[in-house]
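Since the structure is predicted, the reported quantities are computational estimates derived from the model, not experimental observations. Every heavy atom of this structure was used, including side-chain atoms; hydrogens, water molecules and symmetry mates were not.
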Amino acid sequence: TSKEQVDCDQKEDMEDVEEIEEDEASEDTDNKARQLTVQMMQNPRILAALQERLDGLVGNPSGYIESLPKIVKKRVNALKNLQVKCAHIEAKFYAEVHELQRKYAALYQPHFDKRSDIINAVFEPTEDECKWQGDEEEELSDEVKEKVKVEEEKKDEEKEEPKGIPEFWLTVFKNVDLLSDMIQEHDEPILKHLKDLKVKFSDPEQPMSFTLEFKFEPNEYFTNEILTKTYKMRSQPDESDPFSFDGPEIMGCTGCQIDWKKGKNITMKTIKKKQKHKGRGTVRTVTKTVPNDSFFNFFSPPEVPENGELDEDSEAILAADFEIGHFLHERIIPRAVLYFTGEAIEDDDDDYDEEGEEADDEEGEEEADEENDPDYDPKKDPNPPSECKQQ
């Protein structure tokens with residue numbers, strides 16, 4: 001019996017050892033799987049392939065809804081009908097928001113008018129109005145203050161004092177990537193004549209829209225005093241697709257005719273082409289007028305046909321146009337001075353700082369890998385790191 005007891009104990013010990021070995025093997029497998037997952041998730045190619053696969057699944061039914069009993073599907077349809085009613089309530093909400101925008105636009109306007117007067121030297125702000133908390137100077141002795149004053153007076157005598165704030169709107173536009181990309185060199189002399197930029201909202205009970213007004217001083221390029229761009233908006237759910245409603249969206253826009261003075265239309269250019277006669281071999285020069293890149297093409301957007309179908313180029317132009325119109329209306333006009341100084345641009349850039357830092361970190365890791373790699377030979381690298389060159 002004692003021998004049987006010993007055999008039994010040995011058997012139990014062996015089972016315990018096997019269980020421990022199985023647990024350790026399972027832990028090793030789990031650790032390896034986790035390490036492999038981490039490595040895969042750090043590989044941009046695998047991530048891109050995974051993202052592409054996930055994108056392909058978006059909108060694809062899982063089969064669960066189709067498998068529901070008929071009575072449950074009917075209840076889901078009831079929820080959808082409730083959702084449509086919510087979309088119509090949301091449309092009323094945005095209609096009231098539009099009315100609030102109209103109301104507060106009237107309150108903002110006196111301040112915008114005074115801004116325009118200061119920019120265009122119609123009004124000279126007082127000393128108190130010119131004080132700004134960031135401009136507090138260090139305490140200077142009376143003698144130093146007097147010296148500085150004399151020096152400034154000398155400089156003022158030597159050159160003519162500028163009026164207002166020269167090139168205000170041109171500077172604003174050039175400070176914003178979305179707008180500066182549109183501005184060509186031949187646009188700048190004209191945009192120096194831009195005096196003011198306003199937004200006007202549609203009247204009550206009228207279809208929702210807003211109009212941008214570009215006010216110019218008399219100039220040598222065109223006779224228009226004001227150039228306009230109107231954006232029509234849809235603020236009701238589409239009956240054929242009510243669940244896509246997410247607030248008002250721009251549905252179309254109309255520009256205006258620019259009355260160019262003779263020889264000043266910068267949206268067109270003349271080119272000369274040489275043509276060779278097939279039979280006689282003689283060459284002649286043909287002059288053609290073709291469209292030219294210009295900021296002022298903004299006032300001649302593509303027309304949307306009645307069927308609403310556009311080619312890809314026109315769709316891309318209109319998509320960019322809508323983005324620009326929205327940005328001018330929502331950001332530029334209300335905060336123009338901050339885009340002039342660049343402060344608003346810094347705030348916009350803050351939205352991308354985190355992403356940029358991550359990208360920098362990845363680049364740093366790659367560079368570190370190259371430096372720590374014993375097999376890395378910079379002479380054999382097809383893309384060696386570029387050296388900094390002083391301009």
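Looking at residues two or more places apart in sequence or on another chain, you find a side-chain hydrogen bond (donor to acceptor under 3.5 Å, both in side chains) between Ser314 and Asp311. Partners of Lys114 under the salt bridge (charged side-chain N to carboxylate O under 4.0 Å, His left out) rule, at least two apart in sequence or in another chain, are Glu129. The side-chain hydrogen bond (donor to acceptor under 3.5 Å, both in side chains) check on Asn120 picks up Ser116, with sequence neighbours excluded. Applying the salt bridge (charged side-chain N to carboxylate O under 4.0 Å, His left out) rule to Lys264 yields the partners Glu220; only residues at least two apart in sequence or on another chain are considered. Residues meeting the ring-ring contact (aromatic ring centres under 6.0 Å, His included) test with Phe340, sequence neighbours left out: Phe168. Taking Glu188 as the reference, Lys174 meet the salt bridge (charged side-chain N to carboxylate O under 4.0 Å, His left out) condition, with sequence neighbours excluded. By the salt bridge (charged side-chain N to carboxylate O under 4.0 Å, His left out) test, Glu90 is found to be paired with no residue, residues two or more places apart in sequence or in another chain being considered. With sequence neighbours excluded, no residue forms a side-chain hydrogen bond (donor to acceptor under 3.5 Å, both in side chains) with Thr287.
Checked against the 6.0 Å centroid threshold, Phe295 and Phe173 count as a close aromatic pair. Aromatic ring centres of His329 and Phe201 lie closer together than 6.0 Å.
Membership of an apolar cluster is not assigned to Val122, as no side-chain contact below 4.5 Å to another ILVMFWY residue is traced.
Using a 4.0 Å cut-off between a side-chain N of Lys or Arg and a carboxylate O of Asp or Glu, Glu217 and Lys195 do not qualify as a salt bridge.
A donor-acceptor contact shorter than 3.5 Å links the side chain of Asn292 to the backbone of Ile266. Put simply, the side chain of Arg234 never gets that close to the backbone of Met208: no donor and acceptor are under 3.5 Å apart. Checked by atom type and distance alone, the side chain of Asn224 never pairs as donor or acceptor with a backbone atom of Phe216 at under 3.5 Å. Of the possible polar contacts, none joining the Asp259 side chain to the Thr223 backbone as a donor-acceptor pair under 3.5 Å is found.
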Donor-acceptor pairs are to be reported for all side-chain atoms of residues 97-110 against protein atoms at under 3.5 Å, with residues two or more places apart or in another chain.
| from | atom 1 | to | atom 2 | distance (Å) |
| --- | --- | --- | --- | --- |
| His98 | NE2 | Ser202 | OG | 3.2 |
| Glu99 | OE1 | Arg102 | NE | 3.4 |
| Arg102 | NH1 | Ser202 | O | 3.1 |
| Gln109 | NE2 | Asp113 | OD1 | 2.9 |

Name the atoms and distances for all side-chain donor-acceptor pairs under 3.5 Å in residues 71-79, with sequence neighbours left out.
| from | atom 1 | to | atom 2 | distance (Å) |
| --- | --- | --- | --- | --- |
| Lys73 | NZ | Glu66 | O | 3.1 |

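Residues in residues 225-268 take part in these ring pair (Phe, Tyr, Trp, His ring centres under 6.0 Å) pairs, two or more places apart or across chains: Phe210-Tyr231, Phe222-Trp260, Trp260-Phe296.
In this structure, CD1 on Ile183 lies 11.0 Å from CD1 on Ile190, to the nearest 0.5 angstrom.
When side chains are defined from C-beta on, Val337 does not count as touching Tyr339, because their heavy atoms never get closer than 4.5 Å. Put simply, the side chain of Phe112 does not reach to within 4.5 Å of the side chain of Val199, judged on heavy atoms. Ile333 has its side chain out of reach of Lys198: every pair of non-hydrogen atoms, C-beta onward, lies at least 4.5 Å apart.
Enclosure of atom NZ in Lys261 by more than 12 non-hydrogen atoms of other residues, nucleotides or ligands within 6.0 angstrom is indicated.
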